[in-house]
Undergrad: 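My questions all concern the structure below.
Per chain, numbering begins at 1; letters A, B, ... match sequence-line order. Everything numeric here is computed off the predicted structure, so don't read it as measured data.
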Protein chains: 2
Amino acid sequence: MSTRREAVRQALSGSSGFRSAQDLYADLRAEGSKIGLTTVYRALQALSDSGEVDVLRTDEGEAVYRACDTESHHHHIVCRVCATAVEIEGPTVEKWAAEMGAKHGFTGVTHTVEVFGTCASCS
Amino acid sequence: MSTRREAVRQALSGSSGFRSAQDLYADLRAEGSKIGLTTVYRALQALSDSGEVDVLRTDEGEAVYRACDTESHHHHIVCRVCATAVEIEGPTVEKWAAEMGAKHGFTGVTHTVEVFGTCASCS
DNA sequence: CATATTTTGACAACCGTTTTCGTTTTCGTG
DNA sequence: CACGAAAACGAAAACGGTTGTCAAAATATG
Ligand SMILES: [Zn+2]
Ligand SMILES: [Zn+2]
Ligand SMILES: [Zn+2]
Ligand SMILES: [Zn+2]
């Protein structure tokens, strides 16, 4: 677990929202770090591979990352303005997705569920 | 409504699954059409703007399109192998998403829900 | 038929991400 | 501490999907 990867993890933990690789790179450089963009991408890749951070794609196709409190399966409600996210759980949704899969003869069923809105302080 | 846009719409309707712009371009060229890739992108843009086709992003960030039977709000269960998709509705999920938004003080709440799996014929 | 408008497609530019590769840092061992 | 192997690093180039540019072609208008 290298120092650089730790720096990226911390930069990410410092925010409650989803951030892109370039956001984090800018943050770290602004703090005086000499980290390279490549390393930020590599760190994020490793962190998401190990399940330590969540990834999702914006409508524009950019990958954004978040250091969530729990590593167990969950979803998010994300502010469209400031990207702040709240972790949410949905037993209802979990069951529904599984049922839908079975009903249509699909196996190995997974799902992606994200909720978007404008948070209280951005309203 | 130009001829080319109509050609793209038809190429898309010919498939039951989600297809990328480049997929459709390849299909059309294979059929002998002299359409350009730029035009395919433009047609898909217009079709999705007008709500005639659904768009979603793959994990790799590629945009894929589908001509769905209904233009009203719905979700999909998508085969990870052949990209075939089935339209599904989830009143349960709709309600759940709205509740979650309200509970956390978010306004203008929307959601994305997609289910993935391996379809019967690909298993 | 002449002219204005729109559509088209080859090509270049763009942007986020990955690969490449030579250098630097870290780490295990004597 | 010294040394070499291995891992991490960063700059720059390559990549792949998408969008912008612009002149040519098609279509509409009078
Ligand atoms: Zn907000
Ligand atoms: Zn879930
Ligand atoms: Zn299938
Ligand atoms: Zn819905």
Undergrad: Roughly, in whole Å, what's the span from CZ in Arg4(A) to P in dT23(C)?
TA: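 Computing the Arg4(A):CZ to dT23(C):P distance gives 19 Å.
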Undergrad: Could you tabulate the donor-acceptor pairs under 3.5 Å formed by side-chain atoms of residues 116-123 of chain B, not counting sequence neighbours?
TA:
residue: Ser123(B); atom: OG; partner: Thr107(A); partner atom: OG1; Å: 3.3
residue: Ser123(B); atom: OG; partner: Cys119(B); partner atom: O; Å: 3.1

Undergrad: For residues 38-48 of chain B, which side-chain N or O atoms pair as donor and acceptor with protein atoms under 3.5 Å away, sequence neighbours left out?
TA:
residue: Tyr41(B); atom: OH; partner: Gln22(B); partner atom: NE2; Å: 3.4
residue: Ser48(B); atom: OG; partner: Gln45(B); partner atom: O; Å: 3.3

Undergrad: Ignoring backbone atoms, test whether Thr39(A) places a side-chain nitrogen or oxygen under 4.0 Å from the OP1 or OP2 oxygen of dC9(D).
TA: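 So the side chain of Thr39(A) is outside the cut-off, no N or O lying under 4.0 Å from OP1 or OP2 of dC9(D).
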Undergrad: Between the side chains of His75(B) and Glu94(B), is a donor N or O closer than 3.5 angstrom to an acceptor N or O?
TA: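 There is such a pair (donor and acceptor under 3.5 Å, judged by atom type) between the side chains of His75(B) and Glu94(B).
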Undergrad: In this structure, how many angstroms lie between the P atom of dG16(C) and the CG atom of Leu24(A), rounded?
TA: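 My rounded result for the distance is 14 Å.
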Undergrad: Applying salt bridge (charged side-chain N to carboxylate O under 4.0 Å, His left out), can you list everything that pairs with Glu89(A), at least two apart in sequence or on another chain?
TA: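 For Glu89(A), no residue satisfies salt bridge (charged side-chain N to carboxylate O under 4.0 Å, His left out) once neighbours in sequence are set aside.
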Undergrad: His74(B): what forms a ring-ring contact (aromatic ring centres under 6.0 Å, His included) with it, not counting sequence neighbours?
TA: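 Scan of His74(B) (ring-ring contact (aromatic ring centres under 6.0 Å, His included), adjacent residues dropped) gives His76(B).
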Undergrad: Restricting both atoms to N or O, compile the protein contacts to nucleotides 17-27 of chain D shorter than 3.5 Å, with distance only.
TA:
residue: dT18(D); atom: OP1; partner: Ala63(B); partner atom: N; Å: 2.9
residue: dT18(D); atom: OP2; partner: Tyr41(B); partner atom: OH; Å: 2.6
residue: dG20(D); atom: O6; partner: Thr38(B); partner atom: OG1; Å: 3.4

Undergrad: Check salt bridge (charged side-chain N to carboxylate O under 4.0 Å, His left out) between Asp54(B) and all other residues, then give those that pass, not counting sequence neighbours.
TA: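 Salt bridge (charged side-chain N to carboxylate O under 4.0 Å, His left out) check on Asp54(B) returns nothing, list empty.
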Undergrad: Between atom CD1 in Ile35(A) and atom P in dC9(D), what is the gap in whole Å?
TA: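 About 7 Å, once rounded to whole Å.
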Undergrad: In whole angstroms, how far is the C1' atom of dC9(D) from the CZ atom of Arg5(A)?
TA: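 For the pair Arg5(A) CZ and dC9(D) C1', the rounded distance is 12 Å.
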Undergrad: Let me know the distance between CG of Leu44(A) and P of dT17(C), rounded to the nearest Å.
TA: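 That distance rounds to 9 Å.
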Undergrad: Could you give the CD-to-C1' distance, from Glu6(A) to dT25(C), as a whole number of Å?
TA: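 From Glu6(A) CD to dT25(C) C1': 17 Å.
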Undergrad: To the nearest Å, how far apart are Asp23(A) CG and dG16(C) C1'?
TA: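 Checked: the CG to C1' distance equals 12 Å.
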